[in-house]
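We number each residue from 1, following the sequence as shown. As the structure lists them, so they are numbered: ligands from 1, and atoms in each ligand from 1. Basis for what follows: all heavy atoms, side chains included, without hydrogens, waters or symmetry-related copies.
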Amino acid sequence: MPLQPVMMTDQSDDETDLGLLTKTRPKTQRPPRYKVLLLNDDYTPMEFVVMVLERFFGMTHAQAFEIMLTVHKKGLAVVGVFSHEIAETKVAQVMDFARRHQHPLQCTMEKED
Ligand code: TYC
């Protein structure tokens with residue numbers, strides 16, 4: 001952790017004591033966040049993807065439809081950003097739901113920059 005010089009307000013530099021001290025200021029770490037990505041494919045029905053986005057990502061029908069179309073046109077989209085544990089759970093829920101319905105829909109996660 002970097003040492004930061006701190007100027008004391010009650011001492012000036014012309015005192016024998018130079019008025020400088022070093023305090024350690026531990027950097028507080030924010031936990032990393034993870035983007036959950038939905039990938040396009042040629043077979044999963046659009047209505048199924050909309051249902052997934054409503055069910056697991058709390059989107060309205062209109063939001064879900066818009067994001068589904070983005071994935072369809074661009075190939076993928078970020079559908080949410082979460083802690084590692086929540087992101088992992090979302091990916092598992094989507095992958096399990098898709099598998100149970102025999103759709104090849106893919107959902108992945110990646111660490112945010
Ligand atoms: N491309 C699919 C189709 O035309 C629809 C689709 C959208 C599939 C988004 C996956 O993540 C996806 N039926």
In Å, rounded to the nearest 0.5 Å, how long is the span from CG of Leu105 to CE of Met95? 7.5 Å
Find all protein N or O atoms under 3.5 angstrom from an N or O atom of ligand 1 and list the pairs with distances, or write 'none'.
from     : atom 1 : to    : atom 2 : distance (Å)
ligand 1 : 1 (N)  : Asn40 : OD1    : 2.8
ligand 1 : 1 (N)  : Asp41 : O      : 2.7
ligand 1 : 1 (N)  : His72 : ND1    : 2.9
ligand 1 : 4 (O)  : His72 : ND1    : 3.4
ligand 1 : 11 (O) : Leu39 : O      : 2.8
ligand 1 : 13 (N) : Thr44 : O      : 2.9

Summary of side-chain hydrogen bond (donor to acceptor under 3.5 Å, both in side chains) pairs that have at least one residue in residues 47-59, sequence neighbours excluded: Glu54-His61
Qualifying residues under side chain to side chain donor-acceptor pair (under 3.5 Å), relative to Asp42, sequence neighbours excluded: none
May I ask you to check whether Phe48 and His101 place their ring centres under 6.0 Å from each other? yes
Would you mind listing the cluster partners of Val81? Hydrophobic ones only (ILVMFWY), side-chain contacts under 4.5 Å, chaining allowed. Leu37, Leu39, Leu76, Val78
To the nearest 0.5 Å, what is the distance between CG on Leu38 and CZ on Phe57? 7.0 Å
